[in-house]
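Just so you know, these numbers use all the heavy atoms, side chains as well, and skip hydrogens, waters and symmetry mates. Model, not experiment: these values are computed from the prediction.
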Amino acid sequence: MKIRLKKGDTVRVITGKDAGKEGKILQVDRKNGRVIVEGVNMITKHKKANPMGQGGIIHQEAPIHISNVMYLHNGKTTRLGVKVVMEERNGRQKAVRYRVAKSTGEVID
């Protein structure tokens, strides 16, 4: 599975209980194909107090599958592709990969 999303990207959830919510990616788990999105898929954990800190009820984000989110580009969801361009760097030709928005063809980074 090719994961073209990365930490810091803004995404919109397209399915599930949080459909329509938008947020920034906090973490990407490439091995399991999951992402943690800020403010999405919130769960409640009960933490027992210990000498290191106080206990209580903690609300935190849980991972969701990568197929349930889409990249947001200029306020609209789009697929991502990769464009390979040959560029000259330090006097040598080098293949450079850029992420590209499929809907507009614009280079993202």
Side-chain angles (χ1 to χ4, degrees):
M1 173 187 306
K2 293 184 182 183
I3 299 177
R4 295 189 176 107
L5 295 173
K6 63 182 185 179
K7 182 178 176 178
D9 285 347
T10 304
V11 294
R12 180 179 292 156
V13 179
I14 56 174
T15 73
K17 68 178 183 178
D18 293 320
K21 287 187 180 178
E22 298 174 2
K24 192 167 65 170
I25 294 180
L26 302 175
Q27 186 177 347
V28 178
D29 181 4
R30 295 185 185 284
K31 181 181 175 189
N32 296 319
R34 294 184 169 270
V35 292
I36 295 178
V37 181
E38 187 176 43
V40 174
N41 197 22
M42 299 298 288
I43 60 170
T44 304
K45 291 185 111 179
H46 294 47
K47 183 174 186 267
K48 189 174 183 179
N50 60 25
M52 297 298 290
Q54 184 178 357
I57 297 173
I58 299 170
H59 300 283
Q60 68 182 34
E61 295 92 354
I64 58 175
H65 198 267
I66 196 88
S67 66
N68 295 336
V69 297
M70 280 190 83
Y71 183 80
L72 268 179
H73 182 66
N74 297 333
K76 295 184 179 181
T77 57
T78 183
R79 296 181 301 140
L80 293 178
V82 174
K83 182 178 184 179
V84 180
V85 179
M86 296 300 285
E87 289 185 359
E88 189 170 326
R89 290 192 177 175
N90 300 330
R92 293 181 161 195
Q93 289 286 338
K94 185 175 180 181
V96 181
R97 297 165 62 93
Y98 293 106
R99 292 191 310 164
V100 177
K102 289 276 193 170
S103 59
T104 61
E106 292 181 47
V107 174
I108 294 166
D109 56 0

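A19 pairs by the side-chain contact (heavy atoms from CB on, under 4.5 Å) definition with nothing, not counting sequence neighbours. Partners of T104 according to the side chain to side chain donor-acceptor pair (under 3.5 Å) rule, which considers only residues two or more places apart in sequence or in another chain, do not exist here. Taking the side chain to side chain donor-acceptor pair (under 3.5 Å) definition, one finds that S103 meets it with T78, sequence neighbours left out. With sequence neighbours excluded, no residue forms a side chain to side chain donor-acceptor pair (under 3.5 Å) with H46. Among residues two or more places apart in sequence or in another chain, the side-chain contact (heavy atoms from CB on, under 4.5 Å) test is passed with R97 by V82, V84.
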Q: Dump the intermediate steps for side-chain contact (heavy atoms from CB on, under 4.5 Å) on Q60 and I43, then the final yes or no.
A: CA-CA 6 Å; Q60 68 182 34; I43 60 170; 4.0 Å; yes
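L72 belongs to no multi-residue hydrophobic cluster, having no ILVMFWY side-chain contact under 4.5 Å with any other such residue. Taking a 4.5 Å side-chain heavy-atom cut-off between Ile, Leu, Val, Met, Phe, Trp and Tyr, the cluster of L26 extends to I36.
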Please report, to 0.1 Å, the donor-acceptor pairs under 3.5 Å made by any side chain of residues 5-15, with sequence neighbours excluded.
{"residue": "K6", "atom": "NZ", "partner": "D109", "partner atom": "OD2", "Å": "2.7"}
{"residue": "D9", "atom": "OD1", "partner": "R99", "partner atom": "NH2", "Å": "3.1"}
{"residue": "D9", "atom": "OD2", "partner": "K6", "partner atom": "N", "Å": "3.0"}
{"residue": "D9", "atom": "OD2", "partner": "R99", "partner atom": "NH1", "Å": "2.7"}
{"residue": "D9", "atom": "OD2", "partner": "R99", "partner atom": "NH2", "Å": "3.4"}
{"residue": "R12", "atom": "NE", "partner": "E22", "partner atom": "OE2", "Å": "3.0"}
{"residue": "R12", "atom": "NH2", "partner": "E22", "partner atom": "OE2", "Å": "2.5"}
{"residue": "T15", "atom": "OG1", "partner": "N68", "partner atom": "OD1", "Å": "3.0"}

What pairs of donor and acceptor atoms, side-chain ones from residues 47-54 against any protein atom, are under 3.5 angstrom apart with sequence neighbours left out?
{"residue": "N50", "atom": "OD1", "partner": "M52", "partner atom": "N", "Å": "3.0"}
{"residue": "N50", "atom": "OD1", "partner": "G53", "partner atom": "N", "Å": "2.9"}

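Closest of all the heavy-atom pairs between E106 and N74 is OE2-ND2, 3.9 Å. The shortest non-hydrogen separation linking H73 to A101 is CD2-CB, 3.9 Å.
Linking ILVMFWY residues whenever their side-chain heavy atoms come closer than 4.5 Å, directly or via other members, leaves M42 and V40 in distinct clusters.
Remark: K94 NZ is loosely packed, at most 12 non-hydrogen atoms of other residues, nucleotides or ligands lying under 6.0 Å away.
Remark: L80 CG to R4 CZ distance equals 7.5 Å, nearest 0.5 Å. Taking CD1 of I66 as the reference point, atom CD1 of I3 lies at 4.5 Å (rounded to 0.5 Å).
Between the D29 side chain and the R34 main chain, no donor and acceptor come within less than 3.5 Å of each other.
Counting only residues at least two apart or in different chains, salt bridge (Lys or Arg N to Asp or Glu O under 4.0 Å) contacts with residues 65-92 comprise E87-R89.
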